[in-house]
S.K.: 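This is the structure I want to talk about, given as structure tokens.
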Amino acid sequence: MPKNTARTGVAEGKVRVQETAGEASSPFESYPIKNTAISEAPGVALSSRQKLLVGSVLDLFEGSPTLEHLSLWSRDATFADPLTIATGYDQFAAQWYGLPAVFSPIRIQSHRVTSVENPIRLDLTNKYSFKGLNQEQSIRSVVYIYIGQDERIQRVEDRWIGKLPDDTLSEGSFPMSTVPFRSLRHLIRVMAGWGWWTYCNVSWWRPAWALRKLNAVTVPRLITVPASKEEDVRLRAEREDASRTSQASTDS
């Protein structure tokens with residue numbers, strides 16, 4: 001065999017080995033993702049990258065944010081649900097780090113990916129336990145995950161009972177959200193001052209974005225997003241300790 005042919009054969013063999021190793025490796029290896037067993041509807045097959053992004057979003061909904069999770073989002077990404085429209089890193093990061101500050105524990109009851117088109121559709125049922133209150137709230141939602149050209153998350157929509165609000169939103173439109181709305185009102189009243197509270201009362205649902213925009217700019221003032229990996233690790237350990245304590249109290 002000529003030498004150049006031998007070299008070509010060896011090189012091709014190395015490429016095949018590398019490709020096989022890449023396919024066999026888990027997409028979660030480089031990230032601290034907890035939800036790695038992604039449920040897919042019949043006929044749905046996520047790519048490795050899609051599994052990573054969906055798993056990271058499930059972690060966020062379960063109150064387990066890290067800087068590594070948020071590195072999978074574009075800096076100008078948007079998170080939208082009936083309570084907020086948070087655009088840009090400072091706003092959406094505060095929403096995710098604020099979730100375990102209000103609820104603990106948070107438990108995903110069920111999930112299933114029903115479409116791999118862009119956006120990915122995820123059916124989700126989550127149970128939230130309110131800190132300091134003997135109350136739990138289950139919310140069924142349809143989550144849409146939009147992926148940008150850079151393969152990062154560009155937008156996540158959390159549609160409670162499949163809906164996002166319009167200007168005619170009323171609390172009755174989301175019967176499962178009554179307690180979260182009351183909790184948010186109390187938080188805004190106490191932390192944001194009576195001026196904001198008066199504004200919120202005057203324009204609470206006319207239009208609906210008054211609340212959602214207010215939430216987006218208020219939460220970053222109340223919630224600390226870690227600035228370093230060391231601080232992130234410390235906050236994660238504190239969350240896990242608090243979650244174990246809360247779970248033990250619930251079980252007893």
Side-chain angles (χ1 to χ4, degrees), residues 26-100 103 106-128 138-166 174 176-177 180 209 212-213 215-216 219-220 225:
S26 167
F28 306 104
E29 285 183 354
S30 300
Y31 296 87
I33 307 297
K34 295 181 177 180
N35 286 280
T36 59
I38 310 300
S39 175
E40 300 166 327
V44 170
L46 293 166
S47 69
S48 294
R49 181 66 179 183
Q50 288 173 325
K51 287 182 180 179
L52 172 65
L53 297 179
V54 171
S56 72
V57 168
L58 288 172
D59 279 6
L60 293 174
F61 274 104
E62 208 164 32
S64 299
T66 70
L67 295 178
E68 290 160 293
H69 284 73
L70 298 184
S71 72
L72 296 170
W73 289 55
S74 296
R75 297 288 295 187
D76 61 349
T78 295
F79 171 71
D81 71 1
L83 295 180
T84 193
I85 306 173
T87 298
Y89 181 85
D90 290 344
Q91 291 190 3
F92 69 70
Q95 295 292 327
W96 292 121
Y97 276 93
L99 195 61
F103 305 100
I106 305 171
R107 294 287 182 262
I108 292 176
Q109 304 302 294
S110 66
H111 81 276
R112 173 162 288 195
V113 176
T114 59
S115 174
V116 294
E117 300 299 324
N118 196 3
I120 297 170
R121 173 175 167 148
L122 171 68
D123 292 346
L124 178 67
T125 301
N126 227 8
K127 180 180 286 186
Y128 300 87
S138 291
I139 295 180
R140 291 184 299 107
S141 59
V142 178
V143 178
Y144 289 94
I145 305 171
Y146 294 78
I147 310 302
Q149 293 184 348
D150 59 356
E151 295 192 322
R152 297 180 185 275
I153 295 171
Q154 188 62 44
R155 181 181 179 90
V156 170
E157 293 179 358
D158 179 19
R159 302 188 177 196
W160 297 357
I161 55 176
K163 299 178 182 179
L164 278 178
D166 55 27
F174 295 89
M176 291 182 293
S177 66
W209 55 260
R212 301 170 79 202
K213 291 294 188 181
N215 181 316
V219 171
V225 175

S.K.: Do the non-hydrogen side-chain atoms of L122 and L58 ever get within less than 4.5 Å of each other?
M.R.: yes
S.K.: State the CZ-CG distance between R112 and L124, to the nearest 0.5 angstrom.
M.R.: 13.5 Å
S.K.: What distance do I145 atom CD1 and L53 atom CG have between them, rounded to the nearest 0.5 Å?
M.R.: 7.5 Å
S.K.: Rounded to the nearest 0.5 Å, how far apart are CG of L83 and CG of N215?
M.R.: 6.0 Å
S.K.: List the atom of V44, the atom of V116, and the distance in Å for their closest heavy-atom pair.
M.R.: CG1-CG1, 3.4 Å
S.K.: Return the minimal non-hydrogen interatomic distance between A94 and P220, and the atom names on each side.
M.R.: CB-CA, 3.6 Å
S.K.: Less than 6.0 angstrom separating the ring centers of F79 and W73, yes or no?
M.R.: no
S.K.: Counting C-beta onward and ignoring hydrogens, is there a side-chain heavy-atom pair between Y31 and T36 closer than 4.5 Å?
M.R.: no
S.K.: Side-chain contact, heavy-atom cut-off 4.5 Å: Q50 with I38?
M.R.: no
S.K.: Distance-only, no hydrogens or angles: does the D158 side chain make a donor-acceptor pair with backbone N or O of D81 under 3.5 Å?
M.R.: no
S.K.: Using a 3.5 Å distance criterion without hydrogens, assess whether the side chain of S141 forms a donor-acceptor pair with backbone atoms of V143.
M.R.: no
S.K.: Show your reasoning for whether side chain to side chain contact (heavy atoms under 4.5 Å, CB included) applies to V219 and Y97.
M.R.: CA-CA 10 Å; V219 171; Y97 276 93; over 6 Å; no
S.K.: When you measure from the side chain of S74 to the backbone N and O of A77, does any donor-acceptor pair fall under 3.5 Å?
M.R.: no
S.K.: Are D76 and Q154 linked by a side-chain donor-acceptor pair shorter than 3.5 Å?
M.R.: yes
S.K.: Carefully, step by step, assess H69 and I33 under the rule side chain to side chain contact (heavy atoms under 4.5 Å, CB included).
M.R.: CA-CA 8 Å; H69 284 73; I33 307 297; 3.5 Å; yes
S.K.: I would like to know whether E29 and L52 meet side chain to side chain contact (heavy atoms under 4.5 Å, CB included); could you show each step before the answer?
M.R.: CA-CA 10 Å; E29 285 183 354; L52 172 65; over 6 Å; no
S.K.: Should we count CD of E68 as having more than 12 external heavy atoms under 6.0 Å?
M.R.: yes
S.K.: Atom CD1 in I85, atom CD in E157: separation rounded to 0.5 Å?
M.R.: 9.5 Å
S.K.: Are E62 and P100 packed together at the side-chain level, in the sense that at least one heavy-atom pair is separated by less than 4.5 angstrom?
M.R.: no
S.K.: For residues S138 and N126, determine if any side-chain heavy atom of one lies less than 4.5 Å from a side-chain heavy atom of the other.
M.R.: no
S.K.: Nearest heavy-atom pair of K34 and S64: which atoms, and what distance?
M.R.: NZ-OG, 3.4 Å
S.K.: Give the minimum heavy-atom separation between S39 and H111, together with the two atoms involved.
M.R.: N-NE2, 3.0 Å
S.K.: Should the pair Y146 and Y144 be assigned to parallel (<30°), tilted (30 to 60°) or perpendicular (>60°) ring geometry?
M.R.: tilted
S.K.: Using a 3.5 Å distance criterion without hydrogens, assess whether the side chain of E40 forms a donor-acceptor pair with backbone atoms of L46.
M.R.: yes
S.K.: I'd like to check V225 versus D90 (side-chain heavy atoms, cut-off strictly below 4.5 Å). Are they in contact?
M.R.: no
S.K.: Do you know the tightest heavy-atom contact between A86 and Q91?
M.R.: CA-OE1, 3.4 Å
S.K.: Could you tell me whether the side chain of L99 reaches within less than 4.5 Å of the side chain of Q95, counting heavy atoms only?
M.R.: no
S.K.: Please round to the nearest 0.5 Å and tell me the distance separating atom CZ of R155 and atom OG1 of T78.
M.R.: 5.5 Å
S.K.: Got I139 and F61 here, is their nearest side-chain heavy-atom distance under 4.5 Å?
M.R.: no
S.K.: Shortest non-hydrogen contact from T125 to R140?
M.R.: OG1-CG, 3.6 Å
